[in-house]
Amino acid sequence: MSRRDIVLLGATGSIGQSACRVARDLPDRVRVAGMSGFRNMPRLAEEANRLRPEALAVPDAQAAKELCALLDYTPAEIFTGADGLESLSAWPEADTVLVAIVGTGGLRPTLAALKAGKDIALASKEVLVMAGEMVMAEARRHGRRILPVDSEHNAIFQCLEGRDLRHVRRLILTASGGPFRAWPADKLRAVTRQEALHHPTWRMGEKITIDSATLFNKGLEMIEARWLFDMDIGRIDVVIHPQSIVHSMVEFVDGSVLAQMSHSDMRFPIQYALTWPDRIAGTLPPLEWSKLGKLDFEEPRYDVFPALDLARGAAERGGTAPAVLNAANEVAVAEFLAGRIAFPRIWEIVAAVLEQVGGAGGDLDALLEADREARERAAVLAGC
Ligand code: NAD
Ligand code: MG
């Protein structure tokens, strides 16, 4: 039995909190050597006092001061700022970095961790949407793994284990459909923040919950799968599955399909990513088949939820287009959450920014520039 010593980026978030529970449940298998938090210092202190990581990272000196006053032990290091997050990602006592920072803030720490020879357990899909080719190449260069934490990708990872990729016909991502799955299109303009934040099957951070309501989450996940499994975007499909029990599927050339199932609790994929290739008897409950009732599957309403086609189009265009889609979406979601735009404006803004920005791929600077420009255009459009 080998133990993973992890740095947990985004410890105060929804994934971060689930990861802390996994670490507490499996102390022989997962040790938290480092942790970062961004806004909520009391929560970071609470987790740090329980798990006692020797290194911590916070945004600035003020946050470090607040954190210190709440800690009941003395860590070896408290890093600050964006550089500090990269230093934490390269912390010598850790072998794995779990990236659970919302949005593209996880990109530089991911690259820093790979350069320092760490494996990545990746929750932050935005990192691969923005810079999938670069991140996967960097992982290969350093002989490191990207272990998927996103439940769909963790499911596919499990279904593909030991398989020859030439035998795979397509990957099928399941989507709950979100709270508006069956709503008539003309009601969506009046959707409130509260309605959009009420996800039927998962409890998650605000940004991904809105992404699940627009289906941009599934669009981002198509691009994430394209890079994680080196699969052409044309061979990645989506099916709506409202119960969120089947987490995704792999269809083979002979027509057989393998699916992975569990309760909708992120501790399942987090635990598997951190204990892979072993399976550990933990505290997670198995499915009770007789209580499960039925599992439904239906075609997405592509016309009502244009996020899927926008994401597929951006992936086909390649270059900086996925980074543009991702950045415009991040801004539009923030504008919706702030009450400044109507729900369908999120799709409209992303579509409009994709028409205006995006070119050939290239290095990190080109991606960051496309990201910056997309954010600027999206903000202007949101103000119109
Ligand atoms: P969250 O909003 O609950 O938590 C985000 C974390 O990131 C917090 O710890 C916050 O302090 C930190 N953070 C935010 N901005 C930061 C910045 N600029 N720099 C450093 N740290 C920052 O989000 P979440 O729901 O836990 O999601 C995290 C990531 O995991 C997202 O990319 C999401 O798409 C992905 N994911 C989440 C779930 C889920 O069930 N919540 C499932 C699959 C994938
Ligand atoms: Mg997911």
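Fair warning: this is a prediction, and the values are worked out from it, not measured in the lab. Just so you know, ligand 1 is whichever comes first in the structure, and atom 1 is the first atom listed for that ligand. Keep in mind that the numbers below use all heavy atoms, side chains included, and drop hydrogens, waters and symmetry copies. Residues: numbered from 1 along the sequence shown.
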Chemist: Give a yes or no on whether the ring-centroid distance for F180 and F343 is below 6.0 angstrom.
Modeler: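 F180 vs F343: aromatic centres under 6.0 Å.
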Chemist: With the threshold set at 4.0 Å, does a side-chain nitrogen-carboxylate oxygen contact exist between E206 and R193?
Modeler: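 So E206 pairs with R193 through a salt bridge.
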Chemist: Would you mind checking if K294 and D296 are paired as a salt bridge, meaning a charged N to carboxylate O distance below 4.0 Å?
Modeler: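 Salt bridge present between D296 and K294.
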Chemist: Anything with a heavy atom under 4.0 Å from ligand 1 counts, so go ahead and list those protein residues by chain and number.
Modeler: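 Within 4.0 Å of ligand 1, the protein residues are G10, A11, T12, G13, S14, I15, F38, L85, A100, I101, V102, A123, S124, K125, E126, D150, M204, G205, I208, M266.
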Chemist: Could R312 and D237 be called an ion pair, given the rule that one side-chain N must be under 4.0 Å from one carboxylate O?
Modeler: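 A salt bridge is present here (some side-chain N lies under 4.0 Å from a carboxylate O).
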Chemist: Report, as yes or no, whether the 6.0 Å neighbourhood of atom CD on E161 holds more than 12 heavy atoms from other residues, nucleotides or ligands.
Modeler: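 It does: E161 CD has more than 12 such atoms within range.
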Chemist: Around atom CZ of R145, are there more than 12 heavy atoms from other residues, nucleotides or ligands closer than 6.0 Å?
Modeler: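 Open: at most 12 neighbouring heavy atoms sit under 6.0 Å from CZ of R145.
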Chemist: Between H167 and F252 (judged by ring centroids, cut-off 6.0 Å), do the two rings come close enough to count as a pair?
Modeler: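 No.
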Chemist: Charged N to carboxylate O below 4.0 Å: is that the case for D232 and R170?
Modeler: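 Looking at D232 and R170, the cut-off is not met.
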Chemist: For R181, is there an ion pair with E298 - N to carboxylate O distance below 4.0 angstrom?
Modeler: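 Answer for the salt bridge query: yes.
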Chemist: For a distance under 2.8 Å, give residue and atom name for each protein N, O or S atom next to the Mg ion (ligand 2).
Modeler: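 For the Mg ion (ligand 2), the protein N, O and S atoms that sit under 2.8 Å away are D150 OD1, E152 OE1, E221 OE2.
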